[in-house]
Amino acid sequence: MIEQVLELARNGERFLVACHRRPDADSLGSALGLIKTLRAIGKDATLFMPEEIPDSLLFLMDGEQGLAQIPDGVRYDATWVMDIAAKALLPPGFPRSEVTGPVVIIDHHHAHDDVGDVVYRDTDAAATGEVVVRLIDELGLDSLPEGSATPLYAAIVSDTGGFRYATTRPATLRLGARLVEAGADPWHVAYQLFERWEPARLRLLSAIIATLEMAFDGRVAIMRVTREMLEICDADDDMVEGMVNYARRVEGAEIGALLWEWRVRGAGGNHLETKISLRSRGNADVSVIAAALNGGGHRAAAATQLNITIDEADELLRTELAKYLG
Ligand SMILES: [Mn+2]
């Protein structure tokens, strides 16, 4: 499978590189790392970015400009989509296949559907950024491409929670060292990703923590965030990212859950849906619970989005938790 991907990279001339919907540091860092790599082997590579990039990730762009829309008549030899597990997570306005050429998936998610024409997915990798480094090495580049160290380091730091999660292997740490040797600055990246909260985000954290409820004899910690809470805190949806991890922190809780009232902007006007984010401390496999609720993800982190109210989602979640926990 990697041979097919390498061949595509070598034989094509003009590539588009995209992230999953609502890009995170792994998706965007991998995309930028791949773009620098493709350029290093003499190819033309462009970032497709139809969505606004969260403030905390802007430092990764480093002068790179994303295309929000593909100009008329442009055709690509292939389009790479980074860190994507499901068709539903393709970015909004993802171009038609005549424009994209073959869609190449570079990913590391265990739970996934059959998105993409060519797939290179390493479910042992801690981050898609790690998979990109493998591509760099397999392409025979003798050093990491100029400008790739910081985005790839950020991808790995983000998906391993700062080299803390169980996905962190000796190879992950060695790769971190290699990227730092190549110029990535650990504090700069950690500061941008984790240590730069606006006051509104802290207010939101406080409001979310106030909703904390222990269920199933303390085995599950459940929190929620509503549109009203976001409004009162003057916070936006990007600030909710990662809040679910606070539920996992509760001593004794095997599973942390965050119910998130989510505004969907559609042609027929706005309506509210509910996202459920799940985290496991280690033993529970939350991707099973997410899958039962029409979602997906990893063993330790999974999510779903349901077209029901937050109270209905809460009830449904508890039903599935009861089944899972027995
Ligand atoms: Mn990832």
Side-chain angles (χ1 to χ4, degrees), residues 1-2 5 17-37 47-49 51 53-54 56-57 59-60 80-91 103-113 115-116 119-136 148-169 171-173 175-176 179 184 189-190 192-194 238 240-245 248 275 277-280 285-287 290-291 295-305:
M1 277 193 312
I2 189 165
V5 171
V17 181
C19 298
H20 61 65
R21 194 173 277 262
R22 292 179 53 76
D24 62 6
D26 187 26
S27 192
L28 182 59
S30 299
L32 293 166
L34 179 70
I35 284 170
K36 312 284 181 188
T37 304
L47 179 70
F48 178 60
M49 186 48 67
E51 296 174 284
I53 298 171
S56 64
L57 301 184
F59 78 104
L60 294 174
W80 307 65
V81 190
M82 313 305 285
D83 195 44
I84 187 166
K87 278 195 191 79
L89 296 174
L90 283 168
V103 173
V104 187
I105 305 299
I106 306 296
D107 185 39
H108 69 127
H109 288 87
H110 277 277
H112 54 81
D113 66 16
V115 58
V119 180
Y120 182 49
R121 177 176 282 123
D122 177 2
T123 55
D124 290 328
T128 296
E130 202 177 316
V131 186
V132 172
V133 177
R134 183 142 344 119
L135 291 177
I136 291 172
S148 70
T150 296
L152 292 171
Y153 181 80
I156 294 160
V157 164
S158 170
D159 264 29
T160 58
F163 299 106
R164 287 182 302 171
Y165 300 157
T167 49
T168 305
R169 294 160 293 126
T172 321
L173 291 160
L175 180 52
L179 292 166
V189 171
Q192 296 291 340
L193 291 180
F194 306 130
D238 288 337
V240 179
E241 231 49 76
M243 292 290 189
V244 64
N245 294 328
R248 179 174 50 191
K275 283 176 179 278
S277 302
L278 298 166
R279 294 290 182 273
S280 158
D285 181 354
V286 289
S287 71
H298 304 282
R299 182 182 178 85
T304 188
Q305 184 172 330

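Sequence positions, counted from 1, serve as the residue numbers for this chain. When a ligand or atom number is given, it counts from 1 through the structure's own listing order.
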**Message:** Is the positively charged end of Arg248 above the ring of Tyr165, judged by distance under 6.0 angstrom from the centroid and angle within 45° of the axis?
**Reply:** yes

**Message:** Please name the atom of Asp83, limited to N, O or S, that comes nearest to the Mn ion (ligand 1).
**Reply:** OD1

**Min side-chain heavy-atom separation Phe59-Leu193 under 4.5 Å** = yes

**Item:** Which N, O or S atom of Asp26 lies nearest to the Mn ion (ligand 1), by name
**Value:** OD2

**Prompt:** What is the name of the N/O/S atom in Asp159 that sits closest to the Mn ion (ligand 1)?
**Reply:** OD2

**Request:** Working to the nearest 0.5 Å, report the span between NE2 of His108 and OG of Ser30.
**Result:** 7.5 Å

**Asked** Can you find a side-chain donor-acceptor pair between Ser27 and Asp83 that sits under 3.5 Å?
**Response** no

**Message:** Regarding His109, does it place an N, O or S atom less than 2.8 Å from the Mn ion (ligand 1)?
**Reply:** no

